[in-house]
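The structure appears below as structure tokens.
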Amino acid sequence: MPMPMVATDRRRLLRQAASAAMATQLPRWAWCQQRLRHNPFGLGVASGEPLAEGVVLWTRLLPENLADAGAPWAGPLTVRWEIADDAQFRRIVQRGTATALPELAHSVHVEVRGLQPARWYHYRFMLDNVASATGRTRTAPAPDTLEQRLRLVYASCQRWENGFYAAWRHACADQPDLVLFLGDYIYENPTPKDQSGLARVHGLHLPRRLADYRERYALYKSDPDLQAAHACAPWVVTWDDHEVQNDYAGSHGLGDAAEWLLLRTAAWQAFYEHMPLRAAALEPSAFQGLQIYRRLAWGRLARLHVLDTRQYRDLQACRVPGSRSAGAVRPATCPELAAPQRSFLGRQQEDWLQAGLEQDAHMQSTRWSVLAQQTLLSPRHYPSGQQSADSWDGYPAARERLLSRLAERPPRNTVVLGGDIHQNYVCNVMAPPNDGAARILASEFCGTSISSRAGTTQDKADAIRRSNPHVLLARSEERGYGLCDITPTQWTTQLRAIRDPLDAGSDAYTLARFVVQDGHPGPQPA
């Protein structure tokens, strides 16, 4: 099984990946005559990164012998694709070919252009005589259009063993226009030795190389409910820590430094291979990093500022060398925590975010400015006096910079979406203490996990809510996702919960509903 590619291969791979992503038109008569004996589309299909004129279409080809799935089992393969107005493909809009490279695990990222704005389409892939499942995707509205509705699902944290993916079945049934995934798509952990209370198990070990991460994504993507969710709407994805290693921070991870950087490179490559991302996400050094922070507009209704809180952050304050978790710290005994130069986003991304929010504030044409990021932005003051070192609480100066700038030039409406903590939080995002007024700047919805366990109790969540007046809701017991209905005048969030994550056929219910009115920051129970 291969390690990450050496530097001499990276420029060639970058050129190949960009070329493979181009939507090459195929004449209607050009069909391959070979016949396959297996279904190479066992990981399903996906789409993402919707623009007004196009989307990214994704799949990954698997070999007949699944033991070869982590290795380059064949040379470059030519895949056909079609996109149509109807699910029966009687009205084909475009068709073409794409190259699946062994260096990228035979993944395919087709960047389709020339589509109509605000339109639903159907798509599929074909290799030889086998066709993939049919996916459904849509384009964003035209930039100058004030769309009347956007239905958005946000979700995160789907550890395989902790629960089935019934949440994805219900999210798909809610018929979203867009799915926003906020990190921890996979978990690098092996199955725990104590398997009591688990929904399912796997035999994969802690990843040590690229093939191991590929195998992990293949396991997760084999789930039929997750495949259906990818096929029902376009996705916008970002990552957190478990796509690489628990609580890693920028260039800091466990083990030998050189081996750790190779491991991180492998994990980042596997993430690209399995997500509907554009080739532009590949930085010029190719897999020395991915350009994950970016902006996507839904006409004038909403603009998503998608953040990366892992790749550029400083090491967690007062972290014990060699520890597998960042843990918690006490401000009184950890002066490093308040150091003004420490950053959660990295200074370049901080400036990029500030420029985007200032543009939203200046133009006032975007109704809803959305910060799509990994965790809870609002502070949590624990009765114990401790603070989380791995969240925004562990980077108070960075949070204050963000909130101060937001207070100086606020967009028309700001909504913060997050995940990571495996709990549902609804908060008023307050101006920082230096603002001089206790005013609400934004609304925050931090979602629970698809399946991952909470790691805390409801009693502790209740204690946090009582100690933090800006926290309107804190729930630790439910698994599920958030469902947002966004209009020019109102943002409505439903916290959707699964009755039993250990039951693959579990039903779902609405735990709570909150509304934010245009021009009036702060969620209100509905």
Side-chain angles (χ1 to χ4, degrees), residues 4-5 7 9-25 45-60 79 81 83 94 96-101 103-115 117 123 137-140 143 178-183 185 217 230 234-239 243 264-298 303-312 345-346 348-349 351-353 355-356 359 370 372-373:
M5 287 155 286
D9 295 329
R10 289 187 178 122
R11 290 180 182 173
R12 174 178 59 84
L13 179 60
L14 186 62
R15 289 194 299 268
Q16 287 179 310
S19 176
M22 297 300 291
T24 306
Q25 293 293 314
V45 299
S47 69
E49 303 298 294
L51 302 174
E53 74 279 7
V55 295
V56 176
L57 307 181
W58 174 93
T59 193
R60 179 188 162 196
V79 181
W81 57 268
I83 189 163
Q94 288 190 33
T97 63
T99 303
L101 300 171
E103 295 90 342
L104 291 174
H106 292 100
S107 61
V108 178
H109 301 73
V110 177
E111 299 183 19
V112 182
R113 298 277 185 169
L115 302 178
Y123 64 94
T137 191
R138 67 159 294 169
T139 50
L178 189 66
V179 174
L180 181 59
F181 194 84
L182 299 173
Y185 191 96
Y217 279 101
H230 272 295
W235 283 42
V236 173
V237 299
T238 186
W239 56 26
E243 285 87 355
R264 187 187 66 171
T265 297
W268 286 351
Q269 177 176 337
F271 182 85
Y272 173 79
E273 290 172 349
H274 293 87
M275 297 295 144
L277 292 168
R278 297 186 182 279
L282 302 173
E283 292 187 348
S285 56
F287 302 124
Q288 291 304 298
L290 291 178
Q291 182 63 46
I292 293 297
Y293 69 85
R294 61 211 188 274
R295 277 186 266 273
L296 295 100
W298 202 261
R303 190 154 79 136
L304 276 61
H305 305 267
V306 183
L307 306 185
D308 175 357
T309 65
R310 282 292 162 188
Q311 188 172 179
Y312 313 106
L345 302 176
Q348 182 174 330
Q349 187 179 185
D351 293 342
W352 170 88
L353 176 59
Q359 186 180 42
V370 184
Q373 45 91 60

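Basis for what follows: all heavy atoms, side chains included, without hydrogens, waters or symmetry-related copies. We count residues from 1, following the sequence as given.
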Checklist line | Presence of salt bridge, Arg310 and Glu243, under 4.0 angstrom | finding: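 Salt bridge absent between Glu243 and Arg310.
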When rounded to the nearest 0.5 angstrom, what distance separates [atom1] in [X] from [atom2] in [Y]?
| X | Y | atom1 | atom2 | result |
| --- | --- | --- | --- | --- |
| Thr139 | Trp298 | OG1 | CH2 | 7.5 Å |
| Thr309 | Leu182 | OG1 | CG | 10.0 Å |
| Thr238 | Leu290 | OG1 | CG | 10.0 Å |
| His106 | Thr99 | NE2 | OG1 | 10.5 Å |
| Leu180 | Leu296 | CG | CG | 9.5 Å |
| Gln291 | Leu282 | CD | CG | 11.0 Å |

Over all heavy atoms of both residues, which pair between [X] and [Y] is shortest? Give the atoms and the distance, please.
| X | Y | result |
| --- | --- | --- |
| Thr137 | Pro234 | OG1-CB, 3.6 Å |
| Arg295 | Trp352 | NH2-NE1, 3.0 Å |
| Gln349 | Tyr312 | NE2-CD1, 3.5 Å |
| Glu103 | Gln269 | O-NE2, 3.1 Å |
| Tyr272 | Arg278 | CE1-O, 3.6 Å |
| Arg303 | Gly356 | NH2-O, 3.0 Å |

Notebook entry, point to check: Between Tyr293 and Leu345, is any pair of side-chain heavy atoms under 4.5 Å apart?
Noted result: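 No, side chains not in contact.
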Next item on the list: Would you mind reporting whether Arg138 and Leu178 have side-chain heavy atoms less than 4.5 Å apart?
Entry: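 Not touching, per the 4.5 Å side-chain cut-off.
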Margin query: Evaluate Val79 against Val110 for side chain to side chain contact (heavy atoms under 4.5 Å, CB included), listing each step before the verdict.
Written below: CA-CA 10 Å; Val79 181; Val110 177; over 6 Å; no
Next item on the list: Could you check Glu53 against Leu115 for side chain to side chain contact (heavy atoms under 4.5 Å, CB included), going step by step and ending with a plain yes or no?
Entry: CA-CA 5 Å; Glu53 74 279 7; Leu115 302 178; 5.6 Å; no
Check: Does the side chain to side chain contact (heavy atoms under 4.5 Å, CB included) test come out yes or no for Tyr217 and Met275, once each step is laid out?
Finding: CA-CA 10 Å; Tyr217 279 101; Met275 297 295 144; 3.8 Å; yes
Can you say whether the rings of [X] and [Y] are parallel (under 30°), tilted (30 to 60°) or perpendicular (over 60°)?
| X | Y | result |
| --- | --- | --- |
| Trp268 | Trp239 | parallel |
| His274 | Trp58 | tilted |
| Trp235 | Tyr185 | perpendicular |

Checklist line | Test item: Gln94 side-chain N/O and Arg113 main-chain N/O as donor-acceptor pair under 3.5 Å | finding: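 Indeed, once roles are kept as given, a pair shorter than 3.5 Å links the two residues.
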Check: With Ile292, which of Leu307, Leu277, Val237 fulfils side chain to side chain contact (heavy atoms under 4.5 Å, CB included)?
Finding: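 Passing option: Leu277.
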Note to self: Go through it in stages, so that I can follow the logic: the residues are Val112 and Tyr123, the test is side chain to side chain contact (heavy atoms under 4.5 Å, CB included), and I'd like the CA-CA distance, side-chain angles, deciding distance and then a yes or no.
What the structure shows: CA-CA 11 Å; Val112 182; Tyr123 64 94; over 6 Å; no
Margin query: Just checking Gln348: does its CD atom have more than 12 heavy atoms from other residues, nucleotides or ligands closer to it than 6.0 angstrom?
Written below: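 Check fails, neighbour count at 12 or below.
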